Peer 1: 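Just passing along the structure, written as structure tokens.
For clarity, every value in this text was computed on a predicted model and none was experimentally measured.
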Amino acid sequence: MDFAKLAEKLGLEKDEFIELVELFLDVSASDLGKLQSAIDERDIQQAVEVAHSLKGASGNLGLDEISGMAKNVEANARQGSLDGATEAVRMMKEKRELIAEAIKNA
């Protein structure tokens, strides 16, 4: 993951960008837990809200894979479907872990 390139796109220094990503990692851990709970409880509205938040936060940082998955969960939930949402949460968690590992090596 090229943090310098992502930072440049946002007009930030690499260190500033990494701080924002670390904050995202902290918040997204909680958000992914909330999203999974909403899915488990079949709480469509909560799933929409949390997925929307994840979509925006990750998208603002250029973390397009997470943003895209959250966008799909949000769109499906808005249509009343949580099909595939648990798998999307699992994949977002994996991407989150890869980003966390990349920061350690940055």
Side-chain angles (χ1 to χ4, degrees):
M1 177 165 264
D2 189 344
F3 292 113
K5 190 177 213 177
L6 289 168
E8 185 180 324
K9 284 183 180 181
L10 296 176
L12 298 171
E13 295 295 321
K14 180 180 173 183
D15 291 343
E16 294 171 319
F17 179 75
I18 287 175
E19 284 181 36
L20 290 175
V21 172
E22 288 173 334
L23 178 60
F24 168 78
L25 292 174
D26 289 342
V27 173
S28 66
S30 172
D31 283 350
L32 287 167
K34 289 177 188 174
L35 182 54
Q36 188 60 58
S37 292
I39 294 163
D40 293 344
E41 295 167 12
R42 308 297 296 168
D43 185 339
I44 298 286
Q45 186 57 41
Q46 180 71 5
V48 167
E49 291 171 12
V50 178
H52 180 79
S53 177
L54 281 163
K55 175 186 75 174
S58 57
N60 286 337
L61 293 171
L63 305 174
D64 296 335
E65 290 179 281
I66 292 175
S67 183
M69 287 183 268
K71 180 181 178 180
N72 288 338
V73 171
E74 178 189 9
N76 289 338
R78 286 188 187 279
Q79 298 298 315
S81 173
L82 294 174
D83 292 346
T86 295
E87 178 65 12
V89 168
R90 185 190 64 74
M91 290 170 41
M92 284 187 273
K93 286 179 179 178
E94 286 179 7
K95 294 293 180 190
R96 194 186 152 284
E97 291 302 316
L98 290 173
I99 294 165
E101 193 60 37
I103 284 179
K104 290 178 188 174
N105 298 321

Peer 1: Applying salt bridge (charged side-chain N to carboxylate O under 4.0 Å, His left out), can you list everything that pairs with K93, at least two apart in sequence or on another chain?
Peer 2: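 Applying salt bridge (charged side-chain N to carboxylate O under 4.0 Å, His left out) to K93 gives none.
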Peer 1: How about K55: does its NZ atom have over 12 heavy atoms from other parts shown lying under 6.0 Å from it?
Peer 2: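 Buried by this count: over 12 neighbours within 6.0 Å.
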Peer 1: Are more than 12 heavy atoms, taken from residues, nucleotides or ligands other than Q79, located less than 6.0 Å from that residue's CD atom?
Peer 2: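 Check fails, neighbour count at 12 or below.
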Peer 1: Under a 4.5 Å cut-off applied to non-hydrogen side-chain atoms, are M69 and K95 in contact?
Peer 2: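 With C-beta onward as the side chain, the pair touches.
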Peer 1: Could you report the tightest heavy-atom contact between V73 and A51, atom names first, then the distance?
Peer 2: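 Where V73 meets A51 most closely, the heavy atoms are CG1-CB, 4.0 Å.
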Peer 1: How about I18 and K14: do any of their side-chain heavy atoms sit closer than 4.5 Å?
Peer 2: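 Contact flag for I18/K14 side chains = yes.
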Peer 1: Starting from I99, can I reach L10 by hopping between I/L/V/M/F/W/Y residues whose side chains sit under 4.5 Å apart?
Peer 2: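 L10 and I99: one cluster.
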Peer 1: What's the separation between atom CD1 in I39 and atom CD in E41, rounded to the nearest 0.5 Å?
Peer 2: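 Those atoms lie 10.5 Å apart.
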Peer 1: I'd like to know if the side chain of R96 reaches the main chain of L25, judged simply by a donor and an acceptor atom lying under 3.5 Å from each other, with no hydrogens or angles considered.
Peer 2: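 Yes, R96 side chain to L25 backbone: donor-acceptor pair under 3.5 Å.
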Peer 1: Just by modelled atom types, is the E13 backbone N or O under 3.5 Å from a matching donor or acceptor in the E16 side chain?
Peer 2: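 Yes: the side chain of E16 pairs with the backbone of E13.
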Peer 1: Can you measure from CE (M91) to CD (E87) and round to the nearest 0.5 angstrom?
Peer 2: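 Result: 6.0 Å between the selected atoms.
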Peer 1: Side chains of V21 and L6: does their closest heavy-atom pair fall under 4.5 Å?
Peer 2: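 No, too far: nothing below the 4.5 Å cut-off.
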Peer 1: Can you measure from CD1 (I66) to CZ (F24) and round to the nearest 0.5 angstrom?
Peer 2: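 Here the interatomic distance stands at 4.5 Å.
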Peer 1: Count the heavy atoms belonging to other residues, nucleotides or ligands that lie under 6.0 Å from CD of E65, then report whether that count exceeds 12.
Peer 2: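 Not more than 12 within 6.0 Å, no.
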Peer 1: Working to the nearest 0.5 Å, report the span between CD1 of I103 and CZ of F3.
Peer 2: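 Rounded to the nearest 0.5 Å, the CD1-CZ separation comes out at 4.5 Å.
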Peer 1: Roughly how far, to the nearest 0.5 Å, is OG of S67 from CG of N72?
Peer 2: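 Between atom CG of N72 and atom OG of S67 there are 9.5 Å.
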Peer 1: Testing V89, D43, D31 for side chain to side chain contact (heavy atoms under 4.5 Å, CB included) with V50, which one passes?
Peer 2: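 So the option named by the test is D31.
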Peer 1: Is there side-chain contact between L20 and L61, with at least one heavy-atom pair below 4.5 Å?
Peer 2: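 In contact.
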Peer 1: E74 versus L54: any side-chain heavy-atom pair under 4.5 Å?
Peer 2: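 The answer is no, as the side chains (C-beta and beyond) never meet within the 4.5 Å cut-off.
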Peer 1: How far does CZ of R78 sit from NE2 of H52, to the nearest 0.5 angstrom?
Peer 2: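 Separation between the atoms: 7.0 Å.
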Peer 1: Are the side chains of L63 and M1 in contact, using a 4.5 Å heavy-atom criterion?
Peer 2: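 Yes, close enough: below the 4.5 Å cut-off.
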Peer 1: Look at K5 together with E8 and state whether they make a salt bridge at an N to O cut-off of under 4.0 Å.
Peer 2: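 So K5 does not pair with E8 through a salt bridge.
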Peer 1: For a quick test of reading the model, state the closest non-hydrogen atom pair linking L82 to A38 and the distance between them.
Peer 2: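 Looks like CD1-O, 4.4 Å.
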